[in-house]
Amino acid sequence: MADDSPRLLVISGPTVDPAELAPELRARYELEVVDDADAAIEALRREPYAAVLADGAAFPRLPRGLEADKAAMALNTIGEGVIIVEADGRGTWTNPRMRTFAPEVIEHVKRVGVQALQVFAAGSGPITDLSQT
């Protein structure tokens with residue numbers, strides 16, 4: 001197949017059998033076949049594809065994994081330190097810049113984050129899930 005052929009990612013499953021599809025698809029596309037959504041997410045992180053052909057059961061997991069990847073990439077490229085702090089004061093995620101700070105600085109930022117959450121919650125009423133509206 002020529003190098004300029006569109007790339008197609010195929011996620012096999014109960015309704016997508018790559019062995020049955022491959023001859024017709026290989027005539028038009030450069031194929032990569034994976035067995036599950038996790039492998040597909042890894043493939044999509046490595047290279048661009050013109051399309052993804054997936055068993056319906058595998059597909060719903062793909063957008064969530066890729067959106068989380070995009071969010072992490074955006075937060076990692078910010079020049080400042082970023083930390084996600086839970087209401088109990090636990091830091092659940094930090095970008096590489098934040099990890100360069102001394103532990104006492106990170107602990108201070110966590111305390112300030114918890115205080116900010118408390119102030120926001122007290123001033124704004126109950127926090128609701130806006131995705132449900």
Here the gap from Lys110 atom NZ to Asp88 atom CG, rounded to the nearest 0.5 Å, amounts to 9.5 Å
Audit row: Asp38, Glu42, side-chain contact (heavy atoms from CB on, under 4.5 Å) steps and yes/no:
CA-CA 6 Å; Asp38 290 330; Glu42 287 304 315; 6.0 Å; no
For Val34, the side chain to side chain contact (heavy atoms under 4.5 Å, CB included) test, sequence neighbours excluded, returns Leu9, Ile11, Glu32, Ala39, Ala40
Leu44 vs Tyr49, test: side-chain contact (heavy atoms from CB on, under 4.5 Å). Steps then yes/no.
CA-CA 7 Å; Leu44 289 163; Tyr49 291 87; 3.6 Å; yes
Tell me every residue that passes salt bridge (charged side-chain N to carboxylate O under 4.0 Å, His left out) with Glu86, counting only those two or more places apart in sequence or in another chain.
none
Using a 3.5 Å distance criterion without hydrogens, assess whether the side chain of Arg97 forms a donor-acceptor pair with backbone atoms of Val82.
no
Shared-cluster residues of Ile106, by chain and number - hydrophobic side chains joined below 4.5 Å
Ile83, Val85, Met98, Phe101, Val105, Val109, Val114
Does any non-hydrogen side-chain atom of Tyr29 lie less than 4.5 Å from one of Ser5?
no
Please identify each residue that fulfils salt bridge (charged side-chain N to carboxylate O under 4.0 Å, His left out) with Glu47, with sequence neighbours left out.
Arg7
